[in-house]
Amino acid sequence: MSAEGVKPDTQAIEAAALLSAIVDSSDDAIISKDLSGIITSWNKSAERLFGYTAEEVIGRSVKVLIPRDRLNEEPEILLRLQHGERVDHFETIRQRKDGTLFAISLTISPVKDATGKIVGASKIAHDLTDRRKSEHADQLLGAIVDSSDDAIISKDLSGIITSWNKSAERLFGYTAEEAVGKHVTLLIPPDRLQEEPEILRKLQNGERVDHFETIRQRKDGALLEISLTISPVRDASGKVVGASKIARDITERRRAEEYIRRLNQDLEQFAFSASHDLQEPLRSIKIYGELLSTRYSEKLDQQANEFLGYMCDGASRMETLVRGLLSYVHAIKSDIPADEAVDANEALQNVLEGLAGVISESGATITFDPLPDVHMDHLHLQQLFQNLIANGVKYRSPDQPPMIHISAGTQGASLLFSVKDNGIGIDPEYKERIFGVFKRLHTNDEYPGTGIGLAICQRILDRYHGRIWVESELGKGATFKFTLPR
């Protein structure tokens with residue numbers, strides 16, 4: 001036989017081998033069956049997808065892959081194949097060897113012999129599990145977006161709105177049909193239009209815009225105070241192609257803040273006026289009480305002198321309380337604090353000089369680590385140190401001199417200061433109460449004072465978005481800690 005005579009057979013063999021390789025390398029299960037539903041071929045992806053080896057399934061009915069509640073599908077498929085019809089992208093459920101069910105898409109084509117007679121079918125089964133998960137995730141995300149109280153909007157880099165949730169409709173008054181495809185300047189008042197180019201520039205650079213408070217306009221022309229958080233949206237290659245925007249209506253919050261601000265101003269003015277107005281009659285009581293005591297004490301009996309002493313002591317204590325109230329009013333005045341860098345070491349030294357007499361008298365030892373600069377008014381920082389150090393000196397143990405140590409570190413994005421003493425300590429039950437105005441745990445005879453120092457500390461820290469707390473046990477000293485933004 002000549003070489004020319006064997007060439008076609010060699011080509012056929014090579015073609016069959018190539019086809020077999022393609023079938024085996026496919027990511028989809030490729031199966032063939034005869035018209036009675038008996039499996040006749042089974043590729044490697046079918047083994048991976050269904051869990052059966054070729055030896056386990058070839059020669060068995062395809063029903064081995066079909067859940068019981070889906071068995072009615074097979075006769076209908078075979079009937080269509082016998083009529084020469086193709087079944088395209090039929091989505092259904094099939095069963096693995098281990099009994100687990102999964103979603104698949106079937107494409108089934110009739111197979112014909114050399115005469116054109118239909119003798120079987122080829123089936124391509126594509127696993128839909130990942131797609132279904134993705135669809136479910138998309139549906140869940142869509143439901144979350146639509147149920148959000150905030151307006152959630154997306155736009156491209158030219159500012160054209162591409163999506164619009166239900167809260168955006170509620171907030172701005174436009175339906176999705178009215179807004180999608182329009183430029184986002186639809187929502188921006190004329191005097192705020194300069195904001196949009198700057199926002200788009202930041203997005204193009206991949207920057208995020210966080211809690212940007214501004215004014216936007218409703219369909220009816222009404223203006224809204226809103227807070228915007230805008231994030232760049234990237235495609236699969238990481239290129240920025242648009243932005244997602246969350247718009248929160250802060251109109252009511254602003255109204256509430258303004259109401260509270262005015263209320264605080266009124267309360268501050270009342271406390272300031274009351275404190276000043278109380279000082280004059282208190283001075284009169286104190287002066288005339290002292291005159292009575294000096295000039296007429298010998299003419300008064302013991303009980304009268306005792307009553308007079310109570311009156312003078314009460315007036316003195318009231319005067320101290322008024323001065324404390326004035327200090328508290330100054331601490332809560334609603335002026336914006338100066339944002340200047342203050343050397344905490346210098347502030348502490350000033351306080352220690354001012355408390356030198358008290359420290360010497362009590363035999364206290366004050367130590368401190370190097371302290372950082374902080375951004376706040378220097379008088380406020382000195383008030384913090386003075387109240388906390390004076391507190392440690394005052395509430396000392398009767399059997400040992402006071403030892404106080406001041407240190408600083410970091411806690412997340414904040415500076416953390418600690419003032420630790422070896423005093424009488426505080427029952428943890430009262431660790432919140434001690435920061436209230438005029439709240440005291442001891443009588444004035446035991447430990448004199450106004451009970452306002454810690455309240456001033458807390459109010460100062462509130463103004464700087466910091467906080468203060470105490471860690472203590474009775475008889476084991478106390479550590480007062482406070483934070484300030486870096």
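Computed over heavy atoms, backbone and side chain alike; hydrogens, waters and symmetry mates excluded.
- With no hydrogens or angles considered, no side-chain donor-acceptor pair links Ser227 and Arg248 at under 3.5 Å.
- Screening residues 216-231 for salt bridge (Lys or Arg N to Asp or Glu O under 4.0 Å), with sequence neighbours left out, gives Glu178-Lys219, Glu195-Arg216, Arg218-Asp220, Glu225-Arg254.
- Side-chain polar atoms of His378 and Asn350 form no donor-acceptor pair below 3.5 angstrom.
- Proximity of a side-chain donor or acceptor of Arg396 to a complementary backbone N or O of Val393 within less than 3.5 Å is detected.
- Judged purely by atom type and a 3.5 angstrom limit, Asn422 has no side-chain atom pairing as donor or acceptor with the backbone of Pro402.
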- Message: Walk me through whether Lys155 and Glu196 qualify under salt bridge (Lys or Arg N to Asp or Glu O under 4.0 Å).
- Response: CA-CA 12 Å; Lys155 62 182 178 182; Glu196 184 61 14; 2.7 Å; yes

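- Side chain of Asn305 to main chain of Ser297: a donor-acceptor pair is present (N/O by atom type, distance under 3.5 Å, no hydrogens or angles).
- Screening Val233, Val240, Val241 against Leu157 for a side-chain contact (heavy atoms from CB on, under 4.5 Å) leaves a single residue, Val240.
- Here the two rings, on Tyr464 and His375, have centers that are 6.0 Å apart or farther.
- Proximity of a side-chain donor or acceptor of Ser362 to a complementary backbone N or O of Ile359 within less than 3.5 Å is detected.
- With His183 contributing its side chain and Ser158 its backbone, the two residues share a donor-acceptor pair below 3.5 Å.
- The shortest non-hydrogen separation linking Ala247 to Leu228 is CB-CD2, 3.6 Å.
- A salt bridge does not link Lys44 with Glu47: every distance from a Lys NZ or Arg NE/NH1/NH2 to an Asp or Glu carboxylate oxygen is 4.0 Å or more.
- Distance alone, capped at 3.5 Å, is enough to place a donor-acceptor pair between the Ser472 side chain and the Gly477 backbone.
- Looking only at distances, no side-chain donor or acceptor of Asn391 sits under 3.5 Å from a matching main-chain atom of Phe480.
- Checked by atom type, the side-chain pair Thr214/Arg192 shows a donor-acceptor distance below 3.5 Å.
- In this structure Glu346 satisfies the salt bridge (Lys or Arg N to Asp or Glu O under 4.0 Å) test with no other residue, sequence neighbours excluded.
- Atom-to-atom distance recorded for Ile153:CD1 and Ile161:CD1 is 6.0 Å, nearest 0.5 angstrom.
- Between Leu106 and Ala125, the shortest heavy-atom contact is CD2-CB, 3.6 Å.
- Side-chain N/O atoms of Thr479 and Ser418 include no donor and acceptor closer than 3.5 Å.
- For Ile188 against Val184, the heavy-atom pair with the smallest separation is CG1-O, 3.7 Å.
- The two atoms that bring Ile468 and Cys457 nearest to each other are CD1-CB, 3.9 Å, heavy atoms only.
- Panel note: side chain Thr294, backbone Glu290; a donor-acceptor pair is recorded below 3.5 Å.
- In summary, the side chains of Ser163 and Ser154 do present a donor paired with an acceptor at a separation below 3.5 Å, with no hydrogens or angles considered.
- Across every non-hydrogen atom of Gln95 and Leu101, the tightest pair is OE1-CD2, 3.6 Å.
- The neighbour count for Arg295 CZ, taken as heavy atoms of other residues, nucleotides or ligands under 6.0 Å away, does not exceed 12.
- With Asn205 contributing its side chain and Glu207 its backbone, the two residues share no donor-acceptor pair below 3.5 Å.
- Not one N or O on the side chain of Ser105 forms a donor-acceptor pair closer than 3.5 Å with the backbone of Glu91.
- Taking the six-membered ring where the residue is Trp, Phe417 and Phe482 present parallel rings, their angle staying beneath 30° rather than reaching 60°.
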